[in-house]
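Per chain, numbering begins at 1; letters A, B, ... match sequence-line order. Just so you know, these numbers come straight off a predicted model, no measurement behind them.
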Number of protein chains: 2
Amino acid sequence: MQVTCYNKKSVPKHNNSVRRSPCPLNASVEMLGDRWSLLIIRDMMLRGFRTYKQFMECYEGIATNILADRLQKLASYGIIAAVPDPSDGRKLIYRLTKKGIDLAPVLTEMVLWAAAHEHTGNQELVKLMRADKEKFLAGVRQRWASHDSQRS
Amino acid sequence: MQVTCYNKKSVPKHNNSVRRSPCPLNASVEMLGDRWSLLIIRDMMLRGFRTYKQFMECYEGIATNILADRLQKLASYGIIAAVPDPSDGRKLIYRLTKKGIDLAPVLTEMVLWAAAHEHTGNQELVKLMRADKEKFLAGVRQRWASHDSQRS
DNA sequence: TATATTACTTGTAAAATGCAAGTAACTTGT
DNA sequence: ACAAGTTACTTGCATTTTACAAGTAATATA
């Protein structure tokens with residue numbers, strides 16, 4: 001029997017443009033399917049984190065080299081963008097782009113799924129999401145629009 | 001400055017019960033945050049794949065040891081379940097559990113996000129999802145209920 | 001001007017992944 | 001009944017990724 005594969009030993013290491021398959025789910029998985037990317041996006045979207053130092057303080061304890069790598073990859077995908085802090089030349093301010101903010105429904109469904117099937121914390125957030133998903137998403141989008149609406 | 005972490009070098013290798021943090025998103029990421037788990041679930045949910053051999057034929061070309069590992073992990077999480085095929089003793093039939101089918105909204109949002117922001121294929125599926133998300137989800141649930149409704 | 005802070009990089013060990021080659025249990029064809 | 005094929009894996013090994021600790025350049029603060 002014949003097995004059709006899209007990846008025939010042809011994918012260079014950091015080449016974002018060559019995918020294993022054209023499936024949209026695979027595209028998402030290739031960009032977000034690891035143990036840290038979505039947590040970084042969570043901290044930006046829900047906790048308002050903006051700097052490298054803040055991301056290092058996440059509950060889960062990310063390693064510094066992994067954080068640097070993920071920030072660079074997320075930026076290369078256009079999910080986040082970095083600008084220098086005008087008031088402190090050492091700092092970079094990381095923001096979610098429109099593409100990044102559009103991940104809010106994905107995060108929401110993942111939170112609701114885990115909360116429904118596992119013992120998890122942060123029940124206030126879960127209740128808020130469950131009570132009115134659309135209202136919650138509107139709130140996220142509005143907070144982003146009000147102080148992050150520069151570009152992209 | 002003080003950094004609070006939940007994981008202090010204490011997580012044994014395959015221990016599903018110890019999480020890096022109580023955050024529900026982290027729970028989802030620990031179960032699904034890799035490059036293959038969601039693709040296997042996609043093939044079960046959307047393409048009706050049921051056997052090891054079928055999963056091996058996925059577009060993206062999964063390695064056999066990785067497939068075996070992911071099937072075992074997904075089963076240990078209660079996302080899928082395996083039963084022997086009554087008509088062929090060599091085969092195992094893998095099914096999504098209720099918990100697995102409840103991932104449909106997560107998959108849907110990931111597909112819609114990628115389709116909105118990347119060049120991807122399978123536009124028929126995307127159009128169907130976009131046209132009426134709830135109707136699409138109802139269809140998935142019903143197909144599952146009609147021939148997979150055993151347990152869990 | 002000395003010290004601290006920020007956002008990293010580097011080195012190295014451990015773990016996960018990818019690939020090829022088995023293998024045991026079972027089914028099929030003759 | 002027996003050889004050959006299928007199915008669902010396991011094993012070994014090379015490569016890649018991750019984790020942890022330590023270091024560093026640029027900038028800010030006292």
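- Atom-to-atom, CG of Leu39(A) to P of dT18(D) comes out at 13 Å; the value is rounded to the nearest Å.
- Atom CZ of Phe49(A) and atom P of dT6(C) are 14 Å apart (whole Å).
- The nucleotide whose nearest atom lies closest to any side-chain atom of Ala63(B) is, among dG18(C), dC20(D), dT18(D), dG18(C).
- Going from atom CD1 of Ile62(B) over to atom C1' of dT17(C) covers 10 Å, rounded to whole Å.
- Atom CD1 in Ile66(B) sits roughly 15 Å away from atom P in dT16(D) (whole-Å rounding).
- In this structure, CZ of Phe55(A) is placed 9 Å from P of dA7(C), rounded to the nearest angstrom.
- Dashed line: the shortest gap from a side-chain N or O of Lys53(B) to OP1 or OP2 of dA8(D) is not under 4.0 Å.
- Going from atom OH of Tyr94(A) over to atom CG of Leu74(A) covers 10.0 Å, rounded to the nearest 0.5 Å.
- Along DNA chain D, the nucleotide nearest to Arg70(A) and the one nearest to Lys91(B) differ in position, and the one closer to the 5' end is contacted by Lys91(B).
- Here Gln54(B) contributes atom CD and Ile93(B) contributes atom CD1; the two are 8.0 Å apart, rounded to the nearest 0.5 Å.
- Remark: Glu118(B) engages Arg19(A), Lys99(A) in a salt bridge (Lys or Arg N to Asp or Glu O under 4.0 Å) (not counting sequence neighbours).
- Contact annotation: Trp36(B) does not reach the phosphate of dA16(C) (side-chain N/O to OP1 or OP2, under 4.0 Å).
- Here dG18(C) presents its C1' atom at 13 Å from CZ of Arg35(B), a figure rounded to the nearest Å.
- Taking atom CG on Asp34(B) and atom C1' on dT16(D), their separation rounds to 15 Å, with Å as the unit.
- A cation-pi arrangement, defined by a distance under 6.0 Å to the six-membered ring centre and an angle within 45 degrees of its axis, is absent between Arg130(A) and Trp113(A).
- With sequence neighbours left out, Arg42(B) forms a salt bridge (Lys or Arg N to Asp or Glu O under 4.0 Å) with Glu60(B).
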Set out, line by line, the N/O atom pairs under 3.5 Å between protein and nucleotides 24-30 of chain C.
unit_1, atom_1, unit_2, atom_2, d
dT27(C), OP1, Gly89(B), N, 2.9

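- Counting only distance, with no hydrogens or angles, the side chain of Thr120(A) and the backbone of Pro22(B) share no donor-acceptor pair below 3.5 Å.
- Remark: Arg47(B) engages Asp43(B) in a salt bridge (Lys or Arg N to Asp or Glu O under 4.0 Å) (not counting sequence neighbours).
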Strand DNA chain D as a dot-bracket string - pairs counted if Watson-Crick or G-U with both distances under 3.5 Å, | where the partner lies in another strand: ||||||||||||||||||||||||||||||
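- Without hydrogens or angle criteria, Ser28(A) side chain to Val111(B) main chain gives no donor-acceptor distance under 3.5 Å.
- One finds no salt bridge joining Asp34(B) and Arg35(A) here, because no Lys/Arg side-chain nitrogen approaches an Asp/Glu carboxylate oxygen to under 4.0 Å.
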Give each protein N/O atom lying under 3.5 Å from an N/O atom of nucleotides 8-12 of chain C, with the pair distance.
unit_1, atom_1, unit_2, atom_2, d
dC8(C), OP2, Tyr94(A), OH, 2.2

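- Leu46(B) and Phe136(B) get closest at one heavy-atom pair: CD1-CZ, 4.1 Å.
- Each of Lys91(A), Arg90(A), Arg50(A) was evaluated against Asp85(A); a single residue qualifies, Lys91(A), per the side-chain contact (heavy atoms from CB on, under 4.5 Å) test.
- Per the geometry, NZ belonging to Lys73(A) stands 10 Å off C1' belonging to dT16(D), to the nearest Å.
- Between the side chain of Glu109(A) and the backbone N or O of Val106(A) there is no donor-acceptor pair closer than 3.5 Å.
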